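Structure first, then comments.
Below, chain A is the first sequence line, B the second, and so on; all start at residue 1. No experiment lies behind these values; they were computed from the predicted model shown. Values reported hereafter were calculated over all heavy atoms of this structure, with side chains retained and with hydrogens, waters and symmetry mates removed.
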Amino acid sequence: MLKQKFNIVLISLLLIYTALSADEGYEEARRLSESGDILPLEELLPAIRKAQPGRILELELERKRGRYLYEVELLDEQGAVWEFKIDALTGEILERELED
Amino acid sequence: MSVLIPNSLERRLHLGLAFTLILLMGVLWLFGAKSIESLTEDFIASRLEHDAEALLAAIVFKQQGIKVRPARVNQIYLRPYSGHYYLVRQRNGAEVTSRSVWDFKLQIPQMKVGESGRLHMLGPEKQQLLVYVSGFRKQGQELTLAVAENLLPIKQQRDLFLRNFALLALLGLVVLLLLQGMVVRQAFRRLEPLREEIKSLAGGDEKRLSEEVPDEMSPLVKEINHLLLLLSRRNQRSRNALGNLAHALKGPMNLLTHYFDKSPSSESRIDTALAGQQVERVRLLIERELKRARLAGSGSTSQRFDPQLDLQDLLDVLKQIYREKQLSIEAVKATDLSPFGDREDILELLGNLLDNACKWAKSRVRCTLTGEDQFKIIVEDDGEGLADEEVARMTKRGSRLDEDTEGQGLGLAIVSDVVTLYEGNLVFDRSPELQGLRVSVVLNRL
(Lines give C-alpha, C1' and ligand atoms only; values in the text may rest on other atoms or scores of the structure.)
Protein backbone atom coordinates (compact mmCIF):
# COMPACT_ATOMS: atom_id res chain seq x y z
CA MET A 1 0.00 0.00 0.00
CA LEU A 2 2.71 2.35 1.05
CA LYS A 3 4.84 1.20 -1.84
CA GLN A 4 2.05 1.86 -4.24
CA LYS A 5 1.66 5.39 -2.92
CA PHE A 6 5.36 5.92 -3.24
CA ASN A 7 5.22 4.71 -6.83
CA ILE A 8 2.48 7.14 -7.69
CA VAL A 9 4.45 10.02 -6.21
CA LEU A 10 7.53 8.88 -8.08
CA ILE A 11 5.70 8.65 -11.39
CA SER A 12 4.09 12.01 -10.98
CA LEU A 13 7.42 13.59 -10.06
CA LEU A 14 8.93 11.99 -13.14
CA LEU A 15 6.14 13.34 -15.26
CA ILE A 16 6.54 16.78 -13.82
CA TYR A 17 10.26 16.62 -14.41
CA THR A 18 9.94 15.50 -18.01
CA ALA A 19 7.30 18.11 -18.59
CA LEU A 20 9.56 20.71 -17.06
CA SER A 21 12.58 19.54 -18.99
CA ALA A 22 10.58 19.60 -22.22
CA ASP A 23 9.47 23.13 -21.37
CA GLU A 24 12.90 24.29 -20.43
CA GLY A 25 14.52 22.85 -23.61
CA TYR A 26 13.80 25.99 -25.53
CA GLU A 27 15.89 28.10 -23.21
CA GLU A 28 18.87 25.90 -23.87
CA ALA A 29 18.13 26.13 -27.59
CA ARG A 30 18.11 29.89 -27.27
CA ARG A 31 21.45 29.90 -25.57
CA LEU A 32 22.93 27.49 -28.11
CA SER A 33 21.64 29.38 -31.15
CA GLU A 34 22.92 32.62 -29.65
CA SER A 35 26.35 31.10 -29.20
CA GLY A 36 26.22 29.59 -32.68
CA ASP A 37 26.32 25.95 -31.57
CA ILE A 38 23.08 25.27 -33.42
CA LEU A 39 21.22 27.08 -36.17
CA PRO A 40 18.18 29.17 -35.25
CA LEU A 41 14.98 27.20 -35.62
CA GLU A 42 13.68 29.63 -38.24
CA GLU A 43 16.54 28.64 -40.55
CA LEU A 44 15.98 24.94 -40.05
CA LEU A 45 12.26 24.89 -40.65
CA PRO A 46 12.18 25.64 -44.40
CA ALA A 47 14.03 22.38 -45.15
CA ILE A 48 11.49 20.39 -43.14
CA ARG A 49 8.56 22.29 -44.59
CA LYS A 50 9.92 21.61 -48.04
CA ALA A 51 10.06 17.89 -47.29
CA GLN A 52 6.65 17.94 -45.64
CA PRO A 53 4.35 20.93 -45.25
CA GLY A 54 2.50 21.11 -41.98
CA ARG A 55 2.18 22.71 -38.60
CA ILE A 56 4.62 22.14 -35.79
CA LEU A 57 3.05 20.11 -33.04
CA GLU A 58 6.07 19.47 -30.84
CA LEU A 59 9.72 20.18 -30.82
CA GLU A 60 12.51 18.77 -28.71
CA LEU A 61 16.21 19.44 -28.60
CA GLU A 62 18.26 16.33 -27.87
CA ARG A 63 21.90 15.69 -27.45
CA LYS A 64 23.22 12.43 -28.84
CA ARG A 65 26.89 11.57 -29.06
CA GLY A 66 27.92 15.21 -29.03
CA ARG A 67 25.43 16.22 -31.76
CA TYR A 68 22.43 18.38 -31.20
CA LEU A 69 19.30 17.02 -32.84
CA TYR A 70 15.85 18.48 -33.17
CA GLU A 71 13.01 16.07 -32.96
CA VAL A 72 10.08 17.70 -34.78
CA GLU A 73 6.48 16.54 -34.95
CA LEU A 74 4.50 17.93 -37.86
CA LEU A 75 0.78 17.78 -38.53
CA ASP A 76 0.01 17.72 -42.25
CA GLU A 77 -3.17 18.83 -44.05
CA GLN A 78 -4.55 15.29 -44.10
CA GLY A 79 -4.32 15.07 -40.34
CA ALA A 80 -1.32 12.73 -40.26
CA VAL A 81 1.53 13.33 -37.80
CA TRP A 82 5.06 13.20 -39.14
CA GLU A 83 8.20 12.88 -37.11
CA PHE A 84 11.48 14.32 -38.27
CA LYS A 85 14.94 14.16 -36.81
CA ILE A 86 17.14 16.92 -38.01
CA ASP A 87 20.73 17.90 -37.29
CA ALA A 88 20.46 21.18 -35.40
CA LEU A 89 23.79 22.45 -36.69
CA THR A 90 23.65 21.51 -40.38
CA GLY A 91 19.91 21.24 -40.97
CA GLU A 92 20.33 17.79 -42.49
CA ILE A 93 17.23 15.64 -42.23
CA LEU A 94 18.28 12.47 -40.50
CA GLU A 95 15.02 10.67 -40.09
CA ARG A 96 11.56 11.07 -41.45
CA GLU A 97 8.67 8.85 -40.58
CA LEU A 98 4.93 8.77 -40.30
CA GLU A 99 4.10 8.29 -36.65
CA ASP A 100 1.96 5.30 -35.78
CA MET B 1 -21.57 60.57 -78.98
CA SER B 2 -18.79 59.48 -76.68
CA VAL B 3 -18.81 56.24 -74.74
CA LEU B 4 -19.68 58.07 -71.54
CA ILE B 5 -22.61 59.97 -72.98
CA PRO B 6 -24.21 57.42 -75.28
CA ASN B 7 -27.22 58.16 -77.42
CA SER B 8 -29.18 55.17 -76.21
CA LEU B 9 -31.30 55.90 -73.15
CA GLU B 10 -30.96 52.32 -72.02
CA ARG B 11 -27.19 52.44 -72.17
CA ARG B 12 -27.21 55.79 -70.44
CA LEU B 13 -29.30 54.39 -67.60
CA HIS B 14 -27.00 51.39 -67.46
CA LEU B 15 -23.95 53.58 -67.17
CA GLY B 16 -25.58 55.69 -64.49
CA LEU B 17 -26.63 52.70 -62.47
CA ALA B 18 -23.31 50.93 -62.91
CA PHE B 19 -21.40 54.01 -61.86
CA THR B 20 -23.56 54.60 -58.79
CA LEU B 21 -23.49 50.98 -57.77
CA ILE B 22 -19.75 50.63 -58.23
CA LEU B 23 -19.26 53.74 -56.15
CA LEU B 24 -21.65 52.49 -53.48
CA MET B 25 -20.20 49.00 -53.42
CA GLY B 26 -16.67 50.37 -53.36
CA VAL B 27 -17.41 52.64 -50.42
CA LEU B 28 -19.22 49.82 -48.67
CA TRP B 29 -16.35 47.46 -49.35
CA LEU B 30 -13.74 49.88 -48.07
CA PHE B 31 -15.82 50.69 -45.03
CA GLY B 32 -16.43 46.99 -44.41
CA ALA B 33 -12.76 46.16 -44.78
CA LYS B 34 -11.71 48.90 -42.36
CA SER B 35 -14.43 47.98 -39.89
CA ILE B 36 -13.55 44.31 -39.90
CA GLU B 37 -9.88 45.11 -39.53
CA SER B 38 -10.30 47.40 -36.56
CA LEU B 39 -12.94 45.14 -35.04
CA THR B 40 -10.80 42.00 -35.20
CA GLU B 41 -7.78 43.89 -33.97
CA ASP B 42 -9.72 45.32 -31.05
CA PHE B 43 -11.07 41.90 -30.27
CA ILE B 44 -7.64 40.26 -30.36
CA ALA B 45 -6.07 43.11 -28.44
CA SER B 46 -8.59 42.78 -25.66
CA ARG B 47 -7.91 39.04 -25.50
CA LEU B 48 -4.18 39.74 -25.38
CA GLU B 49 -4.80 42.15 -22.55
CA HIS B 50 -6.56 39.44 -20.56
CA ASP B 51 -3.75 37.03 -21.33
CA ALA B 52 -1.23 39.62 -20.14
CA GLU B 53 -3.07 39.88 -16.82
CA ALA B 54 -3.22 36.08 -16.49
CA LEU B 55 0.50 36.01 -17.27
CA LEU B 56 1.18 38.61 -14.60
CA ALA B 57 -0.66 36.43 -12.12
CA ALA B 58 1.35 33.37 -13.19
CA ILE B 59 4.71 35.05 -12.62
CA VAL B 60 6.64 33.97 -9.53
CA PHE B 61 9.96 35.33 -8.35
CA LYS B 62 12.68 32.77 -7.69
CA GLN B 63 16.30 32.93 -6.69
CA GLN B 64 17.45 32.48 -10.29
CA GLY B 65 14.99 35.03 -11.56
CA ILE B 66 11.34 35.03 -12.63
CA LYS B 67 9.37 31.96 -13.56
CA VAL B 68 6.01 31.56 -15.18
CA ARG B 69 3.92 28.79 -13.72
CA PRO B 70 3.09 26.70 -16.80
CA ALA B 71 -0.20 25.44 -15.38
CA ARG B 72 -1.50 29.04 -15.25
CA VAL B 73 -1.00 29.87 -18.88
CA ASN B 74 -2.68 28.53 -21.97
CA GLN B 75 -1.20 25.45 -23.67
CA ILE B 76 -0.99 27.41 -26.90
CA TYR B 77 1.96 29.34 -25.43
CA LEU B 78 3.92 26.11 -25.14
CA ARG B 79 3.77 24.84 -28.71
CA PRO B 80 6.69 26.16 -30.78
CA TYR B 81 5.71 28.84 -33.34
CA SER B 82 2.06 28.42 -32.44
CA GLY B 83 1.38 32.09 -33.20
CA HIS B 84 0.78 32.96 -29.56
CA TYR B 85 3.72 34.36 -27.67
CA TYR B 86 4.66 36.19 -24.55
CA LEU B 87 7.72 37.85 -23.19
CA VAL B 88 8.49 39.14 -19.72
CA ARG B 89 11.38 41.48 -19.21
CA GLN B 90 12.73 42.68 -15.91
CA ARG B 91 14.15 46.07 -15.30
CA ASN B 92 17.68 44.63 -15.47
CA GLY B 93 17.03 43.25 -18.97
CA ALA B 94 16.56 39.59 -18.03
CA GLU B 95 13.90 38.05 -20.27
CA VAL B 96 11.60 35.09 -20.06
CA THR B 97 9.65 34.10 -23.16
CA SER B 98 6.97 31.56 -23.78
CA ARG B 99 8.12 28.21 -25.06
CA SER B 100 6.33 28.96 -28.34
CA VAL B 101 8.87 31.69 -29.10
CA TRP B 102 11.61 29.04 -28.97
CA ASP B 103 14.82 30.77 -30.02
CA PHE B 104 13.24 33.66 -31.93
CA LYS B 105 14.15 37.20 -30.86
CA LEU B 106 11.20 39.43 -30.13
CA GLN B 107 12.20 43.11 -30.12
CA ILE B 108 9.99 44.59 -27.46
CA PRO B 109 10.44 48.17 -26.23
CA GLN B 110 10.69 48.92 -22.51
CA MET B 111 7.47 50.16 -20.91
CA LYS B 112 7.05 52.19 -17.75
CA VAL B 113 4.64 51.02 -15.09
CA GLY B 114 1.08 51.79 -16.14
CA GLU B 115 2.07 52.36 -19.77
CA SER B 116 0.67 50.14 -22.47
CA GLY B 117 0.48 50.03 -26.22
CA ARG B 118 -0.15 48.04 -29.34
CA LEU B 119 2.54 47.11 -31.86
CA HIS B 120 2.66 45.38 -35.20
CA MET B 121 5.76 43.39 -35.97
CA LEU B 122 7.02 40.39 -37.85
CA GLY B 123 7.27 37.17 -35.92
CA PRO B 124 8.97 33.86 -36.69
CA GLU B 125 8.36 32.61 -40.25
CA LYS B 126 7.02 36.00 -41.33
CA GLN B 127 4.06 35.80 -39.00
CA GLN B 128 2.32 39.15 -38.60
CA LEU B 129 2.10 39.77 -34.92
CA LEU B 130 -0.16 42.06 -33.03
CA VAL B 131 1.66 42.77 -29.76
CA TYR B 132 0.13 44.15 -26.61
CA VAL B 133 2.87 45.62 -24.40
CA SER B 134 2.34 46.91 -20.91
CA GLY B 135 4.42 47.94 -17.91
CA PHE B 136 3.58 46.47 -14.48
CA ARG B 137 4.95 46.35 -11.00
CA LYS B 138 4.76 43.12 -9.01
CA GLN B 139 6.30 42.58 -5.60
CA GLY B 140 8.40 45.68 -6.02
CA GLN B 141 9.73 44.60 -9.43
CA GLU B 142 9.12 46.58 -12.57
CA LEU B 143 8.17 44.31 -15.48
CA THR B 144 7.45 44.78 -19.18
CA LEU B 145 4.98 42.24 -20.43
CA ALA B 146 4.37 41.59 -24.12
CA VAL B 147 1.72 39.22 -25.39
CA ALA B 148 1.48 38.64 -29.11
CA GLU B 149 -0.77 36.88 -31.57
CA ASN B 150 -0.28 36.03 -35.21
CA LEU B 151 -2.86 37.87 -37.30
CA LEU B 152 -2.24 35.93 -40.52
CA PRO B 153 -4.97 33.26 -40.12
CA ILE B 154 -7.56 35.92 -39.31
CA LYS B 155 -6.28 38.11 -42.13
CA GLN B 156 -6.65 35.23 -44.53
CA GLN B 157 -10.21 34.71 -43.35
CA ARG B 158 -10.87 38.39 -43.70
CA ASP B 159 -9.41 38.55 -47.19
CA LEU B 160 -11.52 35.58 -48.21
CA PHE B 161 -14.59 37.30 -46.88
CA LEU B 162 -13.75 40.56 -48.64
CA ARG B 163 -13.09 38.75 -51.90
CA ASN B 164 -16.40 36.93 -51.64
CA PHE B 165 -18.12 40.18 -50.82
CA ALA B 166 -16.60 41.82 -53.90
CA LEU B 167 -17.64 38.87 -56.07
CA LEU B 168 -21.14 39.00 -54.66
CA ALA B 169 -21.32 42.75 -55.24
CA LEU B 170 -20.18 42.23 -58.83
CA LEU B 171 -22.77 39.55 -59.35
CA GLY B 172 -25.40 41.83 -57.83
CA LEU B 173 -24.31 44.58 -60.19
CA VAL B 174 -24.65 42.33 -63.22
CA VAL B 175 -28.06 41.09 -62.09
CA LEU B 176 -29.23 44.64 -61.41
CA LEU B 177 -28.05 45.81 -64.83
CA LEU B 178 -29.88 42.93 -66.49
CA LEU B 179 -33.02 43.68 -64.50
CA GLN B 180 -32.75 47.34 -65.35
CA GLY B 181 -32.35 46.48 -69.02
CA MET B 182 -35.54 44.45 -68.84
CA VAL B 183 -37.42 47.21 -67.07
CA VAL B 184 -36.23 49.81 -69.56
CA ARG B 185 -37.16 47.67 -72.54
CA GLN B 186 -40.53 47.01 -70.94
CA ALA B 187 -41.02 50.73 -70.52
CA PHE B 188 -40.07 51.43 -74.11
CA ARG B 189 -42.45 48.75 -75.29
CA ARG B 190 -45.19 51.03 -74.01
CA LEU B 191 -44.12 53.52 -76.67
CA GLU B 192 -44.76 51.00 -79.45
CA PRO B 193 -48.51 51.81 -79.68
CA LEU B 194 -47.56 55.47 -80.04
CA ARG B 195 -45.35 54.62 -83.00
CA GLU B 196 -48.21 52.64 -84.53
CA GLU B 197 -50.53 55.56 -83.99
CA ILE B 198 -48.17 57.97 -85.69
CA LYS B 199 -47.90 55.52 -88.56
CA SER B 200 -51.66 55.39 -88.98
CA LEU B 201 -51.65 59.17 -88.62
CA ALA B 202 -49.57 59.33 -91.76
CA GLY B 203 -52.06 56.95 -93.39
CA GLY B 204 -54.82 59.39 -92.49
CA ASP B 205 -56.75 56.97 -90.26
CA GLU B 206 -56.28 59.05 -87.14
CA LYS B 207 -56.79 62.69 -86.46
CA ARG B 208 -54.87 62.88 -83.18
CA LEU B 209 -52.73 60.77 -80.89
CA SER B 210 -54.07 59.09 -77.79
CA GLU B 211 -52.80 60.84 -74.66
CA GLU B 212 -52.83 57.58 -72.70
CA VAL B 213 -49.04 57.44 -72.64
CA PRO B 214 -46.39 57.38 -69.88
CA ASP B 215 -46.13 60.70 -68.08
CA GLU B 216 -42.69 61.35 -69.57
CA MET B 217 -44.06 61.15 -73.10
CA SER B 218 -47.19 63.14 -72.38
CA PRO B 219 -45.72 66.61 -73.17
CA LEU B 220 -44.37 65.36 -76.47
CA VAL B 221 -47.68 63.79 -77.45
CA LYS B 222 -49.54 66.95 -76.45
CA GLU B 223 -47.23 69.05 -78.58
CA ILE B 224 -47.73 66.73 -81.53
CA ASN B 225 -51.49 66.90 -81.09
CA HIS B 226 -51.35 70.66 -80.93
CA LEU B 227 -49.29 70.73 -84.09
CA LEU B 228 -51.73 68.36 -85.79
CA LEU B 229 -54.60 70.61 -84.87
CA LEU B 230 -52.80 73.64 -86.28
CA LEU B 231 -51.94 71.77 -89.45
CA SER B 232 -55.44 70.47 -89.94
CA ARG B 233 -56.87 73.97 -89.42
CA ARG B 234 -54.44 75.42 -91.89
CA ASN B 235 -55.20 72.62 -94.30
CA GLN B 236 -58.91 73.12 -93.82
CA ARG B 237 -58.58 76.80 -94.45
CA SER B 238 -56.69 76.41 -97.68
CA ARG B 239 -59.03 73.67 -98.83
CA ASN B 240 -62.01 75.85 -98.04
CA ALA B 241 -60.46 78.74 -99.89
CA LEU B 242 -59.88 76.56 -102.91
CA GLY B 243 -63.39 75.11 -102.68
CA ASN B 244 -64.94 78.52 -102.26
CA LEU B 245 -63.07 79.86 -105.25
CA ALA B 246 -64.17 76.95 -107.37
CA HIS B 247 -67.76 77.40 -106.22
CA ALA B 248 -67.64 81.06 -106.89
CA LEU B 249 -66.35 80.40 -110.37
CA LYS B 250 -68.87 77.71 -111.05
CA GLY B 251 -71.95 79.89 -111.52
CA PRO B 252 -70.37 82.24 -114.06
CA MET B 253 -68.81 79.28 -115.83
CA ASN B 254 -72.15 77.54 -116.13
CA LEU B 255 -73.68 80.65 -117.57
CA LEU B 256 -70.78 80.98 -120.00
CA THR B 257 -71.12 77.36 -121.04
CA HIS B 258 -74.81 77.80 -121.67
CA TYR B 259 -74.12 81.00 -123.50
CA PHE B 260 -71.84 79.25 -125.93
CA ASP B 261 -74.12 76.19 -126.18
CA LYS B 262 -77.16 78.26 -126.97
CA SER B 263 -75.46 80.62 -129.41
CA PRO B 264 -77.32 80.51 -132.71
CA SER B 265 -75.36 78.51 -135.24
CA SER B 266 -75.46 81.37 -137.76
CA GLU B 267 -73.39 83.54 -135.52
CA SER B 268 -71.01 80.75 -134.75
CA ARG B 269 -67.54 81.55 -135.75
CA ILE B 270 -64.41 79.63 -135.34
CA ASP B 271 -63.20 81.63 -132.29
CA THR B 272 -66.57 81.36 -130.60
CA ALA B 273 -66.36 77.62 -130.90
CA LEU B 274 -62.78 77.68 -129.59
CA ALA B 275 -63.76 79.92 -126.69
CA GLY B 276 -66.64 77.57 -125.93
CA GLN B 277 -64.29 74.63 -125.83
CA GLN B 278 -61.91 76.44 -123.48
CA VAL B 279 -64.77 77.48 -121.20
CA GLU B 280 -65.96 73.91 -121.13
CA ARG B 281 -62.47 72.76 -120.19
CA VAL B 282 -62.22 75.28 -117.39
CA ARG B 283 -65.64 74.23 -116.18
CA LEU B 284 -64.56 70.59 -116.07
CA LEU B 285 -61.37 71.49 -114.21
CA ILE B 286 -63.38 73.41 -111.65
CA GLU B 287 -65.79 70.50 -111.42
CA ARG B 288 -62.91 68.14 -110.70
CA GLU B 289 -61.35 70.48 -108.15
CA LEU B 290 -64.63 70.86 -106.35
CA LYS B 291 -65.08 67.17 -106.22
CA ARG B 292 -61.59 66.70 -104.87
CA ALA B 293 -62.12 69.37 -102.23
CA ARG B 294 -65.36 67.79 -101.21
CA LEU B 295 -63.91 64.33 -101.09
CA ALA B 296 -60.87 65.42 -99.15
CA GLY B 297 -62.83 66.33 -96.09
CA SER B 298 -65.94 67.77 -94.63
CA GLY B 299 -65.37 70.81 -96.79
CA SER B 300 -66.40 74.33 -96.04
CA THR B 301 -68.74 74.49 -93.13
CA SER B 302 -68.99 78.23 -93.07
CA GLN B 303 -72.36 78.45 -94.75
CA ARG B 304 -75.38 76.21 -94.57
CA PHE B 305 -78.00 75.66 -97.17
CA ASP B 306 -81.08 77.63 -96.24
CA PRO B 307 -84.10 76.24 -98.15
CA GLN B 308 -86.08 79.46 -97.62
CA LEU B 309 -83.52 81.62 -99.44
CA ASP B 310 -81.30 79.48 -101.60
CA LEU B 311 -83.88 77.29 -103.31
CA GLN B 312 -85.65 80.27 -104.89
CA ASP B 313 -82.39 81.61 -106.30
CA LEU B 314 -81.64 78.26 -107.83
CA LEU B 315 -85.07 78.02 -109.39
CA ASP B 316 -84.71 81.54 -110.83
CA VAL B 317 -81.43 80.54 -112.48
CA LEU B 318 -83.02 77.40 -113.95
CA LYS B 319 -86.06 79.31 -115.24
CA GLN B 320 -83.67 81.70 -116.89
CA ILE B 321 -81.73 78.88 -118.51
CA TYR B 322 -84.78 77.00 -119.73
CA ARG B 323 -86.95 80.01 -120.43
CA GLU B 324 -87.60 78.80 -123.97
CA LYS B 325 -89.26 75.60 -122.72
CA GLN B 326 -91.86 77.50 -120.65
CA LEU B 327 -91.52 75.03 -117.80
CA SER B 328 -93.57 75.11 -114.66
CA ILE B 329 -91.12 74.51 -111.84
CA GLU B 330 -92.85 73.84 -108.58
CA ALA B 331 -91.15 73.91 -105.22
CA VAL B 332 -92.76 72.16 -102.31
CA LYS B 333 -91.06 72.62 -99.00
CA ALA B 334 -91.93 72.34 -95.35
CA THR B 335 -92.03 75.77 -93.75
CA ASP B 336 -90.04 74.77 -90.69
CA LEU B 337 -87.06 73.42 -92.62
CA SER B 338 -83.91 74.49 -90.89
CA PRO B 339 -80.65 75.24 -92.70
CA PHE B 340 -78.88 72.04 -93.60
CA GLY B 341 -75.48 70.82 -94.69
CA ASP B 342 -73.04 72.81 -96.73
CA ARG B 343 -74.64 75.42 -98.93
CA GLU B 344 -72.48 74.68 -101.93
CA ASP B 345 -72.92 70.93 -101.63
CA ILE B 346 -76.67 71.09 -101.48
CA LEU B 347 -76.90 73.72 -104.23
CA GLU B 348 -74.78 71.50 -106.38
CA LEU B 349 -76.86 68.44 -105.66
CA LEU B 350 -80.14 70.26 -106.24
CA GLY B 351 -78.77 72.12 -109.24
CA ASN B 352 -77.71 68.91 -110.90
CA LEU B 353 -80.97 67.12 -110.18
CA LEU B 354 -83.13 70.05 -111.25
CA ASP B 355 -81.03 70.81 -114.31
CA ASN B 356 -81.44 67.21 -115.30
CA ALA B 357 -85.16 67.27 -114.68
CA CYS B 358 -85.59 70.50 -116.65
CA LYS B 359 -83.63 69.04 -119.51
CA TRP B 360 -85.93 66.05 -119.86
CA ALA B 361 -89.23 67.51 -118.71
CA LYS B 362 -92.02 68.34 -121.14
CA SER B 363 -93.66 70.97 -119.01
CA ARG B 364 -93.50 70.25 -115.32
CA VAL B 365 -90.82 69.81 -112.71
CA ARG B 366 -91.45 69.43 -109.02
CA CYS B 367 -89.00 69.67 -106.19
CA THR B 368 -89.99 68.56 -102.68
CA LEU B 369 -87.90 69.26 -99.59
CA THR B 370 -88.75 67.72 -96.21
CA GLY B 371 -87.08 66.35 -93.18
CA GLU B 372 -86.00 66.90 -89.61
CA ASP B 373 -83.02 64.76 -88.61
CA GLN B 374 -82.57 63.75 -92.21
CA PHE B 375 -82.94 65.97 -95.20
CA LYS B 376 -85.12 64.53 -97.98
CA ILE B 377 -85.16 65.76 -101.53
CA ILE B 378 -87.48 64.49 -104.23
CA VAL B 379 -87.19 65.80 -107.77
CA GLU B 380 -89.78 64.68 -110.32
CA ASP B 381 -90.47 65.55 -113.93
CA ASP B 382 -92.96 64.61 -116.62
CA GLY B 383 -90.42 63.48 -119.17
CA GLU B 384 -89.78 60.07 -120.63
CA GLY B 385 -88.30 58.67 -117.43
CA LEU B 386 -85.98 55.73 -117.35
CA ALA B 387 -86.61 52.19 -118.45
CA ASP B 388 -86.86 49.69 -115.62
CA GLU B 389 -83.54 48.04 -116.42
CA GLU B 390 -81.81 51.44 -116.45
CA VAL B 391 -83.27 52.23 -113.04
CA ALA B 392 -82.01 48.91 -111.77
CA ARG B 393 -78.55 49.57 -113.15
CA MET B 394 -78.29 53.01 -111.61
CA THR B 395 -79.64 51.96 -108.27
CA LYS B 396 -77.12 49.20 -108.07
CA ARG B 397 -74.54 49.90 -105.42
CA GLY B 398 -71.21 51.16 -106.67
CA SER B 399 -72.47 51.96 -110.13
CA ARG B 400 -71.54 55.53 -110.66
CA LEU B 401 -70.89 57.71 -113.62
CA ASP B 402 -67.44 59.02 -113.26
CA GLU B 403 -65.69 62.16 -114.31
CA ASP B 404 -65.06 61.10 -117.89
CA THR B 405 -68.76 60.97 -118.71
CA GLU B 406 -69.42 64.23 -116.93
CA GLY B 407 -71.73 66.40 -118.95
CA GLN B 408 -73.15 63.49 -120.86
CA GLY B 409 -75.82 61.12 -119.68
CA LEU B 410 -77.44 62.17 -116.44
CA GLY B 411 -74.40 63.90 -114.98
CA LEU B 412 -75.00 62.29 -111.67
CA ALA B 413 -71.42 61.84 -110.56
CA ILE B 414 -71.48 64.93 -108.37
CA VAL B 415 -74.87 63.96 -106.97
CA SER B 416 -73.57 60.58 -106.08
CA ASP B 417 -70.48 62.07 -104.43
CA VAL B 418 -72.51 64.41 -102.29
CA VAL B 419 -74.85 61.59 -101.25
CA THR B 420 -71.84 59.52 -100.29
CA LEU B 421 -70.39 62.43 -98.37
CA TYR B 422 -73.55 62.82 -96.31
CA GLU B 423 -73.88 59.06 -95.89
CA GLY B 424 -77.27 59.21 -97.51
CA ASN B 425 -78.90 57.22 -100.28
CA LEU B 426 -80.14 57.80 -103.75
CA VAL B 427 -83.16 56.08 -105.35
CA PHE B 428 -84.42 56.32 -108.95
CA ASP B 429 -87.92 55.32 -109.94
CA ARG B 430 -90.94 56.51 -111.83
CA SER B 431 -92.99 59.38 -110.51
CA PRO B 432 -96.56 58.20 -109.85
CA GLU B 433 -98.03 61.61 -110.52
CA LEU B 434 -95.89 63.20 -113.25
CA GLN B 435 -95.03 59.91 -114.96
CA GLY B 436 -91.41 60.96 -115.52
CA LEU B 437 -88.22 60.20 -113.55
CA ARG B 438 -88.32 60.55 -109.81
CA VAL B 439 -85.10 60.90 -107.90
CA SER B 440 -85.28 60.57 -104.10
CA VAL B 441 -82.34 61.59 -101.99
CA VAL B 442 -81.99 61.18 -98.23
CA LEU B 443 -79.11 62.96 -96.55
CA ASN B 444 -77.92 62.59 -92.98
CA ARG B 445 -76.86 65.49 -90.87
CA LEU B 446 -73.14 65.48 -90.40
Side-chain angles (χ1 to χ4, degrees), chain A residues 12-13 15-50 52-63 68-77 81-89 91, chain B residues 55 58-60 62-90 93-108 121-129 146 148-157 160:
Chain A
S12 26
L13 272 177
L15 279 175
I16 289 166
Y17 174 73
T18 49
L20 276 177
S21 69
D23 284 351
E24 305 288 310
Y26 75 99
E27 291 189 325
E28 198 187 343
R30 180 186 286 262
R31 272 193 301 278
L32 288 169
S33 75
E34 261 171 31
S35 66
D37 289 324
I38 59 171
L39 286 173
L41 180 62
E42 220 186 347
E43 291 175 30
L44 293 170
L45 280 180
I48 300 175
R49 288 255 160 79
K50 210 172 144 193
Q52 178 59 56
R55 276 204 323 231
I56 300 172
L57 276 188
E58 190 48 277
L59 192 61
E60 267 172 47
L61 186 65
E62 290 177 359
R63 194 185 169 125
Y68 286 102
L69 304 177
Y70 268 125
E71 208 179 288
V72 187
E73 277 179 32
L74 271 186
L75 178 66
D76 72 10
E77 293 286 316
V81 179
W82 294 79
E83 200 174 296
F84 283 84
K85 279 207 171 101
I86 181 168
D87 191 306
L89 188 60
Chain B
L55 180 64
I59 289 172
V60 287
K62 293 266 175 79
Q63 222 73 42
Q64 318 90 295
I66 47 173
K67 283 266 177 279
V68 177
R69 284 179 287 182
R72 300 288 293 271
V73 296
N74 199 317
Q75 282 289 310
I76 200 77
Y77 288 106
L78 300 181
R79 217 173 72 202
Y81 289 8
S82 65
H84 293 257
Y85 313 101
Y86 64 75
L87 179 144
V88 184
R89 189 193 294 132
Q90 282 174 287
E95 283 180 357
V96 176
T97 67
S98 63
R99 186 171 183 262
S100 53
V101 178
W102 204 257
D103 57 358
F104 187 80
K105 297 254 176 310
L106 282 171
Q107 305 293 336
I108 302 295
M121 61 171 68
L122 280 180
E125 295 192 297
K126 306 272 185 296
Q127 290 180 358
Q128 294 177 12
L129 301 183
E149 183 171 341
N150 181 17
L151 292 180
L152 263 183
I154 277 179
K155 268 196 175 150
Q156 276 162 4
Q157 289 283 321
L160 190 74

Task: Sequence-distant partners of A:Glu34, side chain to side chain donor-acceptor pair (under 3.5 Å), two or more places apart - done: B:Lys105

Task: Gap separating the OH atom of B:Tyr81 from the CG atom of A:Leu45, nearest 0.5 angstrom - done: 5.5 Å

Task: Region of A:Leu39 in contact with chain B, defined by heavy-atom distances below 4.5 Å - done: backbone

Task: salt bridge (charged side-chain N to carboxylate O under 4.0 Å, His left out) partner of B:Arg99, chosen from A:Glu28, A:Glu27, A:Glu58 - done: A:Glu58

TODO: May I ask you to check whether over 12 heavy atoms, not counting those of A:Arg49, lie within 6.0 Å of atom CZ?
DONE: yes

Open item on the list: Quick one about A:Arg30 and B:Thr97 (side-chain donor to acceptor, distance below 3.5 Å, no hydrogens or angles considered), yes or no?
Closed with: yes

Open item on the list: Measuring from atom CG of A:Leu57 to atom OG of B:Ser82, what distance do you get when rounded to the nearest 0.5 angstrom?
Closed with: 11.5 Å

Open item on the list: With rounding to the nearest 0.5 angstrom, report the CH2 to CG distance, B:Trp102 to A:Leu59.
Closed with: 4.0 Å

- [ ] Keeping the roles fixed (side chain from B:Asp103, backbone from A:Ser33), state whether a donor-acceptor pair exists under 3.5 Å.
- [x] no

Task: Which residues share a side chain to side chain contact (heavy atoms under 4.5 Å, CB included) with A:Asp37, sequence neighbours left out - done: A:Leu32, A:Ser35

Open item on the list: Between B:Arg79 and A:Glu73 (salt bridge meaning N to carboxylate O under 4.0 Å), is one present in this structure?
Closed with: no

Open item on the list: When you measure from the side chain of A:Glu42 to the backbone of B:Pro124, do you find a donor-acceptor pair of N or O atoms at a distance under 3.5 Å?
Closed with: no

Open item on the list: For B:Leu78, is there any backbone N or O sitting under 3.5 Å from a side-chain donor or acceptor partner on A:Tyr26?
Closed with: no

